[in-house]
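Okay, structure first, notes after.
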Amino acid sequence: MKAVIVVHGGAWAIPDELSEASVQGVKAAACEGYRVLGTGGSALDAVEKAVRSLEDNTVFDAGHGAVLNADGEVELDAIIMDGSSLGSGAVSSVQNIANPVSLARAVMEKTDHVMLTSRGANLFAESIGIKTVPTDTLVTEYEKREWEKQKKYITGVKEIFNSQWGHDTVGAVAVDSYGNVACATSTGGIRHKMVGRVGDSPIIGAGGYADNRSGAVSCTGHGESILKVTLARLIIFNIEQGTEVQDAVEHSLRYMGERVQGAGGAIAVSPSGRWAATFTTERMAWAAAEQGALWYGLNPQEKFQDKLSQ
């Protein structure tokens, strides 16, 4: 079967000074994930690899590029899901973890639970030998400046996604050569969020979902809106009703906009390799790798193609 991976770097009003680095970052992540698929690796391994690449890239709001909450702290959320078994692992409000997506996978594979949060997640990380890192290594100088700048203004959460102050989630979906699908989503959340705030990213059916019978989805955007409509599961539901992948994503995002006035984006892939990358925000950096082609875009209706190097 045709192997495909799609990644996103967050749906928001990406400023011009970050646009090129954002596109290059998602292209690199897609290539890393596809190298796993190209050697017969699993969709689960591919999405973890791709999201780790994005978490290690300071351009994105995940891992090393995370935004700061109201107290100037880093709190990270992540989910990973295996479409073959519906196994899932998630973490929320974890601190000092460079790659929360891998901690989420450990929750799935090494515990009887689906989600661990805050202190409990960090204690679990310590118990299995995942090293913590100093907070300063996860915070860029750019983020420190933007946090201080935004502190001077009263900005509503919804407004963030219509301004250059926004920053958002990263994610990946994949189908491997055996027809297994998987998803992963990771984020540092919203700048100046309340301490302990958890958005859609680590929640099954909201930030992501994967099922071999229908497909895999990773969402991005205004977390509270995504939670209210369970966006990832809504997209999967539409696919299950026979809607094409692209139309399922578009219809679901439109519904979210009409029902709760929320903006965002999503990537999706079916077990047959049909995929989509769609958004209702100003921009979303995304890339997809399949059969020798690397697709990517940033602005609405934009779709470029490069040759995929093996």
Side-chain angles (χ1 to χ4, degrees), residues 1-10 25-57 60 62-63 76-91 98-109 114 169-187 200-212 214-220 232 235-236 245 249 265-271 273-277 285-290 294-296:
M1 296 185 68
K2 181 175 72 170
V4 180
I5 187 165
V6 190
V7 305
H8 70 75
V26 294
K27 288 170 69 176
C31 288
E32 286 204 33
Y34 193 76
R35 276 192 284 273
V36 173
L37 298 175
T39 56
S42 70
L44 194 66
D45 287 342
V47 295
E48 182 186 11
K49 184 75 170 179
V51 170
R52 283 182 64 98
S53 173
L54 296 166
E55 290 173 338
D56 290 341
N57 188 327
F60 302 107
L76 305 170
D77 307 327
I79 191 173
I80 192 166
M81 189 166 184
D82 180 357
S84 64
S85 64
L86 300 189
S88 181
V91 293
N99 296 111
V101 69
S102 293
L103 180 57
R105 183 169 180 176
V107 171
M108 178 180 73
E109 295 179 338
V114 168
T169 311
V170 304
V173 295
V175 57
D176 60 33
S177 57
Y178 305 100
N180 297 310
V181 300
C183 73
T185 307
S186 180
T187 189
D200 67 291
S201 297
I203 307 301
I204 291 180
Y209 199 80
D211 186 343
N212 277 9
S214 45
V217 176
S218 173
C219 298
T220 169
I235 293 169
I236 291 294
V245 174
V249 177
I267 53 175
V269 67
S270 73
R274 302 293 292 269
W275 59 271
W286 64 270
E290 60 173 351
L294 177 64
W295 305 92
Y296 62 95

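For reference, positions follow the sequence shown, starting with 1.
Side-chain contact between L54 and V26: present, with at least one pair of heavy atoms (C-beta onward) separated by less than 4.5 Å. For the pair D211 and M81, the minimum side-chain heavy-atom distance is 4.5 Å or more. Within the 4.5 Å cutoff, the side chain of N180 has no heavy atoms near those of the S42 side chain. Residues D56 and N99 meet the side-chain proximity criterion, which asks for heavy atoms closer than 4.5 Å.
Between the side chain of N212 and the backbone N or O of V181, at least one donor-acceptor pair lies under 3.5 Å. T39 places a side-chain N or O within 3.5 Å of a backbone atom of R35 that can act as its donor or acceptor partner. The main-chain N or O of A266 is never found under 3.5 Å from a side-chain atom of T220 such that the two would form a donor-acceptor pair. The main-chain N or O of A43 is found under 3.5 Å from a side-chain atom of D176 such that the two form a donor-acceptor pair.
Across every non-hydrogen atom of V249 and A276, the tightest pair is CG2-CB, 4.2 Å. Residues V170 and F60 share a closest heavy-atom pair of CG1-CB, 3.5 Å. Heavy atoms only, all atoms of each residue included: A268 and V6 are closest at O-CG2, 4.5 Å. For the pair G179 and P271, the tightest heavy-atom approach, listed with the atom from each and the gap, is O-CB, 4.1 Å. Contact between G171 and I267 at its shortest, heavy atoms only, is O-CD1, 3.8 Å. Taking each heavy atom of P202 and V91 in turn, the nearest pair found is CB-O, 3.5 Å.
Separating the CD1 atom in I204 from the SG atom in C183 is a distance of 8.5 Å, to the nearest 0.5 Å. Atoms CG and OG1, on D200 and T169 in that order, are 5.5 Å from each other to the nearest 0.5 Å. Taking CD of E55 as the reference point, atom OG1 of T187 lies at 10.0 Å (rounded to 0.5 Å). The distance from the CD1 atom of I79 to the CD1 atom of I203 is 7.0 Å, given to the nearest 0.5 Å. Atom CD of residue E48 and atom CG of residue D82 lie 12.0 Å apart, to the nearest 0.5 angstrom. Atom OG of S270 and atom NZ of K2 lie 8.0 Å apart (nearest 0.5 Å).
Side chain to side chain, S218 and T185 meet the donor-acceptor criterion of an N or O pair below 3.5 Å.
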*For the pair E109 and L44, evaluate side chain to side chain contact (heavy atoms under 4.5 Å, CB included) and give the outcome as yes or no after the intermediate values.*
CA-CA 12 Å; E109 295 179 338; L44 194 66; 4.2 Å; yes
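D45 and R105 are joined by a salt bridge, as a carboxylate oxygen and a charged side-chain nitrogen come within less than 4.0 angstrom of each other.
The neighbour count for K49 NZ, taken as heavy atoms of other residues, nucleotides or ligands under 6.0 Å away, does not exceed 12.
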